[in-house]
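Atoms within a ligand are numbered from 1 in the order they appear, just like the ligands themselves.
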Amino acid sequence: MGKIFMLAPDSFKESMTAKEVCEAMEIGIKRAIPDAVCIHVPMADGGEGTVQSLVDATGGTLIQKEVTGPLGTPVQALYGILGDGKTAVIEMASASGIHHVTKETKNPLITTTLGTGELIKDCIQRGITDIILGIGGSATNDGGTGMATALGYKFLDKHGKELQLGGGYLSELDQINTTDVLPQLKNIHILVASDVTNPLCGERGASVVFGPQKGATPEMVKLLDNNLRHYSNIVKQQLGIEIVDVPGAGGAGGLGGGLIAFTNSTMKKGIEIVIEYTGLKEKLQHVDYCFTGEGGIDFQTKFGKAPFGVAQAAKSVNSNIKVIALAGSIGKEVETLYDEGFDAIFGIVPGAAEIDSLLARGKENVARTSESIARLLK
Ligand SMILES: O=C(O)[C@H](O)CO
């Protein structure tokens, strides 16, 4: 039998999905080593591409659903049901992400995570019991109250009237009513992959750090931070749950905190979840070479990006597996990755060119680079 190659890249943003990168790698490797055995395990780190990668890796299905977008108007969102038929994978950004608002319509006082909750509800209604939820890239700062509203929680003011959606109104919160919460919710487990470990409030909190990118002025940041603090106090008084300082509670405008308060959830690093659900370590057992990669690789790759998780997994299974990374751009202090399980890192760009043409020619560049590497390995 020929040498066995594990192909486990992340997507190359705006150029190729992780699955397409796998296919391009295989084309290049087989030009040099026709009898190479290539195992495809498309990767992701909990952010954009996680739904596609886990659906591809497990033979699952994609579901399209119209939900309420961050501004209250309908948007088309996608989520996945994995091959096991009982686990769903959702990226909150698909329903409530920043790409659904424009520079002119960005407004974290009114944006809502209602649509994310509608996706969770849709999963529950299909009999799903486990949900993997990637959070980040949001347009919202509502502490996950919109998400909870879709699941039946009611956020009331002191007159018993429901608050308007959006983090800007949480100063009026007086009571959280749980009478109409979906009864099935208590049987659902949500594994949360947050892109950050920030707390809900304060200097490192959701509003101060991520509010400005969602259109918050300095005054709005102050208001939103105070509102989330007030909200966390009510959650503590009425539900007995402390969310204000929990790492990750500030993810996606406080959706992390809302998930802790209102659902049966656990937070974990996105890449760890993807490695577990794709069975990467089992598939690495008899591998000789492990190819990974991402659009950009630099020193930050070691803070939980997919290629880092893949390199660590490969070396933990067998330290003799050679880990080879491909990237569109190679950034600062990339040499620090050689101590982290990477044996070699290759840029795929053939020469100076317009970014659009580089993105469009990603597959041929990955195939050519993979062929060159395989010629050396042969
Ligand atoms: O959505 C956001 O607020 C950021 O991506 C951090 O989670």
Side-chain angles (χ1 to χ4, degrees), residues 10-11 13 44-51 67 69-71 75 77 90-103 105-117 119-120 132-148 165-168 170 190-217 220-225 227-229 231-232 243-261 263 265 267-271 273 296 300 303-306:
D10 199 340
S11 59
K13 247 192 208 150
D45 58 16
E48 195 189 337
T50 302
V51 166
V67 293
L71 292 167
V75 297
I90 299 175
E91 287 165 34
M92 76 78 70
S94 180
S96 320
I98 191 88
H99 63 282
H100 288 304
V101 298
T102 62
K103 212 166 140 227
T105 58
K106 274 181 183 174
N107 183 351
L109 298 179
I110 59 166
T111 45
T112 176
T113 51
L114 186 70
T116 298
L119 290 183
I120 296 175
I132 299 166
L133 178 57
I135 70 168
S138 68
T140 53
N141 208 104
D142 72 350
T145 48
M147 175 273 308
L165 295 169
L170 287 173
I190 304 185
L191 195 49
V192 182
S194 177
D195 65 339
V196 297
T197 53
N198 298 61
L200 189 67
C201 299
E203 279 309 294
R204 290 193 57 248
S207 317
V208 173
V209 180
F210 305 105
Q213 77 196 30
K214 302 170 193 178
T217 60
M220 281 156 110
V221 165
K222 225 170 168 181
L223 175 88
L224 289 165
D225 188 50
N227 286 3
L228 286 183
R229 193 171 292 280
Y231 156 66
S232 71
I243 56 173
V244 74
D245 289 323
V246 181
L255 174 62
L259 287 161
I260 298 167
T263 69
S265 63
M267 281 212 192
K268 214 168 165 182
K269 280 194 179 143
I271 180 61
I273 297 173
Q300 299 200 50
F303 304 132
K305 302 280 186 131

Any atoms of ligand 1 less than 4.0 Å from a non-hydrogen atom of Gly137? List them with their elements. 1 (O), 2 (C), 4 (C), 5 (O)

List ligand 1 atoms under 4.0 Å from Lys214, heavy atoms only on the residue side. 1 (O), 2 (C), 3 (O)

Min N/O separation Ser138 to ligand 1 under 3.5 Å: yes

From CG (Leu133) to CD1 (Ile120), nearest 0.5 Å: 5.5 Å

Should we count NZ of Lys268 as having more than 12 external heavy atoms under 6.0 Å? yes

Taking only heavy atoms of Gly253, which atoms of ligand 1 are found under 4.0 Å from at least one of them? 3 (O)

Ignoring hydrogens and geometry beyond distance, is a side-chain donor-acceptor pair present between Lys214 and Ser138 at under 3.5 Å? yes

Ligand 1 contacted by Met92 (non-hydrogen, < 4.0 Å): no

Whether over 12 other heavy atoms sit under 6.0 Å from Lys106 NZ: yes

Rounded distance [0.5 Å steps], CG in Leu259 versus CE in Met92: 9.0 Å

Please could you name the atoms of ligand 1 that Val196 approaches to less than 4.0 Å, counting only its heavy atoms? 6 (C), 7 (O)

Has ligand 1 got any nitrogen or oxygen that is less than 3.5 angstrom from a nitrogen or oxygen of Ile135? no

Should you measure from each heavy atom of Gly251, which atoms of ligand 1 turn up under 4.0 Å away? 7 (O)

Nearest non-hydrogen contact with atom 7 (O) of ligand 1 belongs to which option: Thr197, Thr140, Asp195? Asp195

Short N or O distance, Ala252 and ligand 1, threshold 3.5 Å exclusive: yes

I'd like to know if the side chain of Ser194 reaches the main chain of Val196, judged simply by a donor and an acceptor atom lying under 3.5 Å from each other, with no hydrogens or angles considered. yes

Can a donor-acceptor pair be found, under 3.5 Å and without considering hydrogens, that links the side chain of Asp225 to the backbone of Ser207? no

Against heavy atoms of Gly136, which atoms of ligand 1 measure under 4.0 Å? 1 (O), 5 (O), 7 (O)

Going by distance alone, is a donor N or O of one side chain under 3.5 Å from an acceptor N or O of the other, for Thr113 and Ser96? no

